[in-house]
J.: 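This is the structure I want to talk about, given as structure tokens.
Small disclaimer: the values here were computed from a predicted structure and weren't measured. Positions are given from 1, in the same order as the sequence printed here.
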Amino acid sequence: MPTMGVPLLVRLQAYIEPLFLLSISVGYLPITLLFHPLLLITSPSSFRSKWFENFWRVIGPKMAASEIQIDHIEELLSRAHGTVLELGPGAGDQMFHYKKNQIETLYGAEPNAFLHPRLIEMAEKKLLGKFIPLEAGAQPGSLLPALKKAGLIPGTATSLPEEGVFDSIVAVKSLCSAPQDQLAATVAVVQALLKPGGEFLFFEHVENDTDSMTMSYAWLVDWIWPVFMGGCRLKGKVDKVVIGMGGWDERRITTIGDFKGHEVFRYVKGICRKA
Ligand SMILES: C[S@@+](CC[C@H](N)C(=O)[O-])C[C@H]1O[C@@H](n2cnc3c(N)ncnc32)[C@H](O)[C@@H]1O
Ligand SMILES: *[C@@H]1O[C@H](CO)[C@@H](O)[C@H](O)[C@H]1NC(C)=O
């Protein structure tokens, strides 16, 4: 469906959205520099994590309150039960969605250590001692050693336990920040880590190729976007990856809102049950 008929003003409004977020993030750069000048020299990657934490401390709760998204995220996270793994929980701003009495243990794989204090504090409030933080990303090379360290998978085995480990694996706007060239491998490991009948529940923004002008614009913005957004990329493909693989009993992937094609962000929610 071509969307060339979209009025220019409507298009510009859609294109300003990422720039608006960028400009807020830029505002936290001098603050981070002021309080952590040495970090930039001693560890540029830690500096970036600290910068993102300063930014996310303010923006995370606002995003989590977004009226367009909140009910969809609620639908997903309220399904989580038993032993749960969340990929990139950030500062725990989405944690209030979990149904506490349904959850045995929630493991949160959050690579940004600066977010951990607030994440743990939030978990204390919402999940009362049922939370275990892991300092790891979603990509297998980072996640699997952390799961071994936590005693969730055997330290010596070369393959993952046949019977799976988790009843639910959750990702909310975090897989865009994991290495995109490893996305297929990451989702394959997610599937392998699920118990039979377990569910992969995700809410992510993904690319859409119906509008070439928007695609070009997103390609351009994506040159600087990850620097300001904690490594996030605009060209998410988790929907395509999930659709392209077998091993699911059921997969429901839905686009959120009245997406028309010219928007930079297309949000999807996914409920995928492992066979
Ligand atoms: C946009 S924030 C979303 C945080 C949280 N899920 C929420 O909705 O409030 C993206 C999160 O992904 C995390 N992240 C960065 N790299 C990651 C990776 N390789 N794997 C998983 N998460 C990652 C970031 O640290 C950050 O907490
Ligand atoms: C783009 O979005 C439209 C509307 O949600 C959808 O029908 C179409 O399949 C999407 N295209 C891709 C490549 O995801």
Side-chain angles (χ1 to χ4, degrees), residues 53 56-138 143 146-147 150-152 164-178 186-187 189-191 193-205 230 238 242 250-254 256 267-274:
E53 187 248 329
W56 198 249
R57 184 200 299 267
V58 177
I59 295 304
K62 291 201 166 52
M63 293 270 217
S66 154
E67 274 182 42
I68 307 159
Q69 302 185 356
I70 193 165
D71 290 347
H72 299 287
I73 297 173
E74 170 79 19
E75 185 199 335
L76 295 177
L77 269 60
S78 63
R79 293 177 77 94
H81 65 275
T83 307
V84 182
L85 171 66
E86 181 168 351
L87 306 168
D93 295 314
Q94 308 283 6
M95 209 156 260
F96 69 95
H97 290 297
Y98 284 115
K99 299 273 170 284
K100 191 173 70 186
N101 50 13
Q102 223 163 258
I103 288 177
E104 217 168 286
T105 313
L106 171 69
Y107 294 86
E110 173 50 62
N112 187 340
F114 294 110
L115 289 166
H116 278 222
R118 215 151 58 86
L119 174 61
I120 291 164
E121 191 186 316
M122 198 67 106
E124 285 296 315
K125 253 189 259 167
K126 305 290 174 196
L127 286 172
L128 305 168
K130 293 178 171 183
F131 179 71
I132 298 176
L134 309 171
E135 204 177 312
L143 182 64
L147 295 182
L152 284 164
V165 178
F166 299 103
D167 297 287
S168 315
I169 300 184
V170 175
V172 179
K173 295 180 272 184
S174 63
L175 290 175
C176 53
S177 301
T186 300
V187 178
V189 165
V190 162
Q191 191 187 62
L193 286 169
L194 283 169
K195 297 176 187 172
E199 288 182 330
F200 175 35
L201 306 162
F202 62 86
F203 186 94
E204 295 284 345
H205 59 85
V238 64
V242 165
E250 192 191 350
R251 60 207 142 174
R252 269 185 284 152
I253 299 176
T254 333
I256 302 308
Y267 282 100
V268 293
K269 73 175 161 189
I271 301 173
C272 308
R273 200 175 60 241
K274 184 180 174 175

J.: Taking all heavy atoms of A65 and all of I70, pick out the closest pair and write down the distance.
T.: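 Heavy-atom minimum between the residues: CA-CD1, 4.4 Å.
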J.: Distance-only, no hydrogens or angles: does the K274 side chain make a donor-acceptor pair with backbone N or O of Q191 under 3.5 Å?
T.: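 Yes, because the side chain of K274 sits within donor-acceptor range (under 3.5 Å) of the backbone of Q191.
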J.: What pair of heavy atoms forms the shortest contact from P89 to A109, and how long is it?
T.: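 Shortest heavy-atom contact: CD-O, 3.5 Å.
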J.: Could you tell me which non-hydrogen atom of A138 sits nearest to which non-hydrogen atom of T186, and how far apart they are?
T.: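 Scanning both residues, the minimum pair turns out to be O-CG2, 3.3 Å.
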J.: Going by heavy atoms in the side chains, are S174 and E204 under 4.5 Å from each other?
T.: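 Yes. Closest side-chain heavy atoms under 4.5 Å.
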J.: Apply side chain to side chain contact (heavy atoms under 4.5 Å, CB included) to Q69 and list each qualifying residue two or more places apart in sequence or on a separate chain.
T.: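 Expected list: S66, I73, K173, F203, Y267.
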J.: Which residues pass the ring-ring contact (aromatic ring centres under 6.0 Å, His included) test with F131, not counting sequence neighbours?
T.: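 Not a single residue meets the ring-ring contact (aromatic ring centres under 6.0 Å, His included) criterion with F131.
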J.: Short question: side chain of Q102, backbone of S78 - any donor-acceptor pair under 3.5 Å?
T.: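 Here the side-chain-to-backbone pair exists.
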J.: Quick one: does V268's side chain get under 4.5 Å of F202's, heavy atoms only?
T.: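 Yes. Closest side-chain heavy atoms under 4.5 Å.
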J.: Enter the distance from L194:CG to I169:CD1 here, rounded to the nearest 0.5 Å.
T.: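 So the CG of L194 and the CD1 of I169 are separated by 4.0 Å.
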J.: Between R79 (side chain only) and L201 (backbone N and O only), is there a donor and an acceptor less than 3.5 Å apart?
T.: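 No; zero donor-acceptor contacts below 3.5 Å.
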J.: How about L143 and L193: do any of their side-chain heavy atoms sit closer than 4.5 Å?
T.: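 The answer is yes, as the side chains (C-beta and beyond) meet within the 4.5 Å cut-off.
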J.: Keeping K126 on the side-chain end and Y98 on the backbone end, is there a donor-acceptor pair under 3.5 Å?
T.: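 Looks like no, no N/O pair under 3.5 Å.
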J.: Rounded to the nearest 0.5 Å, how far does CD of E86 lie from CG of L119?
T.: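 The CD atom of E86 is 8.0 Å from CG of L119, to the nearest 0.5 Å.
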J.: Heavy atoms, side chains only, cut-off 4.5 Å: are L106 and K130 in contact?
T.: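 SC-SC contact between L106 and K130 ruled out.
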J.: When you measure from the side chain of H116 to the backbone N and O of E110, does any donor-acceptor pair fall under 3.5 Å?
T.: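 Present.
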J.: Are the side chains of F166 and L147 in touch, meaning some heavy atoms are under 4.5 Å apart?
T.: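 Yes, at least one pair of side-chain atoms sits under 4.5 Å.
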J.: Taking all non-hydrogen atoms of both residues, which atom of L77 and which atom of Q94 are closest, and how far apart?
T.: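 Where L77 meets Q94 most closely, the heavy atoms are CD2-O, 3.5 Å.
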J.: Ion pair present between E53 and R57, side-chain N to carboxylate O less than 4.0 angstrom?
T.: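 A salt bridge is present here (some side-chain N lies under 4.0 Å from a carboxylate O).
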J.: Could you tell me whether a side-chain N or O of S168 sits under 3.5 Å from a main-chain N or O of V84, the two making a donor and an acceptor?
T.: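 No, because the side chain of S168 does not come within donor-acceptor range (under 3.5 Å) of the backbone of V84.
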J.: So how far is it from T105 OG1 to L152 CG, rounded to the nearest 0.5 Å?
T.: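 One finds 8.5 Å between OG1 of T105 and CG of L152.
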J.: Check whether any side-chain heavy atom of M63 sits under 4.5 Å from a side-chain heavy atom of W56, and report yes or no.
T.: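 They are in side-chain contact.
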J.: Are any non-hydrogen side-chain atoms of D93 and R118 less than 4.5 angstrom apart?
T.: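 The answer is yes, as the side chains (C-beta and beyond) meet within the 4.5 Å cut-off.
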J.: In Å and rounded to the nearest 0.5 Å, what is the CZ to NZ distance from R252 to K269?
T.: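 NZ of K269 is found 8.5 Å from CZ of R252.
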J.: Just how far is it from atom CD1 of I132 to atom CD1 of I120, taken to the nearest 0.5 Å?
T.: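 Between I132 CD1 and I120 CD1, I get 11.0 Å after rounding to 0.5 Å.
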J.: Any idea which heavy atoms bring M122 and A91 closest together, and the distance?
T.: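 That would be CB-O, 3.9 Å.
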J.: So, do V172 and L76 sit near enough that their side-chain heavy atoms are less than 4.5 Å apart?
T.: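 Side-chain contact under 4.5 Å: no.
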